[in-house]
Amino acid sequence: MTDEKIEIREKSESFDIAWVHEELAQVQIRVLSGHKAGVNICTFFNNDNSVLTASDDHSVVIWDLNRGSVSSQLKVHQDIVSGATVSGDNARILSCGWDKKVIHSDVETGSVLCNFDATHIVTCCSFSSDGKLALAATDYDNNVHIYDLTSGTEIHVLKAIHEKTITSCRFTSNGERIMTTSMDWKAKMYDLKSEKATITLKEYHTNVISDCCFTEEERRLATSSWDRTIKIWDVSTGAFRTGGPVTLAKAHQGSVSSCAISADGQHLVSGGYDCAVVVWDVENAIQRLLLRGHTDWVEDVAISTNKRWIASASKDGTVRLWDISQIDKIPFVQEKQEEAGLKVANCTRCGKPFSKATMEDRDESLCVFCRLEQEPVDPSAFLDEVSDVDEDEGLEEDTDEQLQ
């Protein structure tokens with residue numbers, strides 16, 4: 001950790017939040033503009049009332065959606081900001097960048113709480129769910145660093161866990177494991193207690209794996225790739241070991257750069273280098289809606305906790321907020337559901353809408369998630385089982401990559 005004071009917090013009149021849709025548009029759109037270069041990160045926080053963005057212009061910006069203005073601009077980096085996220089209590093920001101720094105800041109005051117110097121460019125970062133630990137990946141050496149934010153010290157380094165650049169890194173909800181994706185076409189899950197990789201997903205994607213995300217209870221993992229697909233892995237039961245993952249495809253015309261899944265796992269959103277944002281029906285593995293408006297690559301996507309809003313960050317320097325609350329009333333969406341032989345029903349247990357086959361013989365009144373809850377599976381039991389597997393198609397155990 002360095003003691004260098006690099007905190008700068010300011011408000012700027014150059015930022016703007018504007019509605020840009022036509023009056024009767026079925027998808028209403030707000031555009032957040034003012035970044036002077038491409039935007040790499042967007043994420044909702046503060047009960048979906050705020051959005052955090054990070055940019056090639058070296059800044060991290062907090063947008064107040066209720067007031068329609070910028071709360072603050074944090075200029076804590078001296079180069080491209082490649083990653084940024086908000087702690088679960090909405091009080092702190094973790095950011096990283098090409099200046100080889102990982103910076104922990106206070107949302108309210110903008111002050112830097114602590115910062116860490118890396119030896120190489122930092123490509124991505126994340127908080128643990130309790131906000132006590134930070135995770136960051138460095139380029140060239142392909143290391144993953146784990147920091148204790150209370151003491152301001154680095155506590156672990158996972159060395160060379162991938163053969164090429166790490167594109168994303170995330171803690172699981174219990175903080176006992178981390179998930180990484182890489183340009184080496186692999187995704188890996190590391191168990192921090194056993195100090196080894198318990199799952200390596202390979203061979204299913206045929207190009208760079210750009211991002212990953214979990215459903216809230218970690219029943220499913222999604223990975224996005226430059227091979228123009230998103231794959232859904234059932235990590236609660238390990239069903240992918242025999243049947244492979246579910247593939248979402250034939251929507252993007254270019255590399256998929258990012259993915260985000262709703263907490264209940266019903267909606268998945270992806271962004272791509274074709275400048276498009278796609279909304280997917282996860283349970284039925286079909287495209288629901290394709291959104292266009294960006295004029296350059298979409299670098300990141302996010303979905304609000306209430307599933308009303310989608311955010312997309314682009315190299316065109318803007319962030320778009322798409323209101324999809326009326327998605328089921330859009331004729332295109334209805335046509336896609338009819339083509340797939342689906343209809344929308346409401347779950348009798350949780351009350352949430354879900355798609356089901358119109359010709360389904362059984363009287364299915366529960367969504368897939370409530371059906372799964374009837375026979376809950378402990379994901380850790382599956383992970384323990386995987387650690388005993390020597391090798392399987394698309395699944396390998398790493399025993400020689402240890403925490404240092």
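We use all heavy atoms of the structure for the numbers below, so side chains are in, but hydrogens, waters and symmetry mates are not. Along the sequence shown, residues are numbered consecutively beginning with 1.
- With no hydrogens or angles considered, no side-chain donor-acceptor pair links H21 and R30 at under 3.5 Å.
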Check residues 119-126 and write down every donor-acceptor pair under 3.5 Å in which the side-chain atom is one partner and the other belongs to a residue at least two apart or another chain.
residue	atom	partner	partner atom	Å
T123	OG1	A137	O	3.4
T123	OG1	I166	O	2.8
S126	OG	C169	O	3.4

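- Under 3.5 Å, the side chains of W322 and S312 contain a donor-acceptor pair of N or O atoms.
- Put simply, the side chain of K36 reaches to within 4.5 Å of the side chain of S14, judged on heavy atoms.
- Under 4.0 Å is where a charged nitrogen must lie from a carboxylate oxygen, and between R220 and D234 no such pair does.
- Inspection of the Q266 and K307 side chains reveals an N or O donor paired with an N or O acceptor under 3.5 Å.
- Minimum interatomic distance between W280 and S270 (heavy atoms only, all atoms of both residues): NE1-OG, 2.9 Å.
- Side-chain atoms of K329 and Q26, non-hydrogen and from C-beta on, never get closer than 4.5 Å to each other.
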> Does the ring pair (Phe, Tyr, Trp, His ring centres under 6.0 Å) test come out yes or no for H35 and F15, once each step is laid out?
Replying inline: CA-CA 7 Å; H35 277 294; F15 292 94; 5.7 Å; yes
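- N49 and D64 share no side-chain donor-acceptor pair at under 3.5 Å.
- Between F116 and T153, the shortest heavy-atom distance links the atoms CE2-N, 3.8 Å.
- Side-chain contact between L321 and F44 is present, with heavy atoms from C-beta onward closer than 4.5 Å.
- Contact record, G293 with R320: O-NH2, 3.4 Å, taken as the closest heavy-atom pair.
- Y190 is not listed as a side-chain neighbour of M179, based on a closest heavy-atom distance of 4.5 Å or more.
- How far CD1 of I232 is from OG1 of T223: 7.5 Å, rounded to the nearest 0.5 Å.
- Using a cut-off of 4.0 Å between Lys/Arg side-chain N and Asp/Glu carboxylate O, K186 and E163 are scored as salt-bridged.
- Counting only residues at least two apart or in different chains, salt bridge (Lys or Arg N to Asp or Glu O under 4.0 Å) contacts with residues 77-96 comprise D89-R92.
- With sequence neighbours excluded, the residues that form a side-chain hydrogen bond (donor to acceptor under 3.5 Å, both in side chains) with D139 are T165.
- D48 places a side-chain N or O within 3.5 Å of a backbone atom of T305 that can act as its donor or acceptor partner.
- Ionic pairing of R228 and D274 is not present here: no N-O contact between side-chain nitrogen and carboxylate oxygen is shorter than 4.0 angstrom.
- Screening V76, V81, I93 for a side chain to side chain contact (heavy atoms under 4.5 Å, CB included) involving I103 leaves a single residue, V76.
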>> Could you go through S210 and T167, starting from their C-alpha distance and side-chain angles, then the distance that decides it, and tell me whether this counts as side-chain hydrogen bond (donor to acceptor under 3.5 Å, both in side chains)?
In response: CA-CA 5 Å; S210 54; T167 54; over 6 Å; no
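- Looking only at atom types and distance, the side chain of W63 has no donor-acceptor partner in the side chain of S50 under 3.5 Å away.
- Side-chain N/O atoms of T247 and T229 include no donor and acceptor closer than 3.5 Å.
- Between D57 and K75 there is no salt bridge, since no side-chain nitrogen of the basic residue lies less than 4.0 Å from a carboxylate oxygen of the acidic one.
- Using modelled atom types, one side-chain atom of T172 and one backbone atom of R177 make a donor-acceptor pair closer than 3.5 Å.
- Residues T138 and H145 meet the side-chain proximity criterion, which asks for heavy atoms closer than 4.5 Å.
- Remark: the S258 side chain and the D211 side chain contain no N/O donor-acceptor pair separated by less than 3.5 Å.
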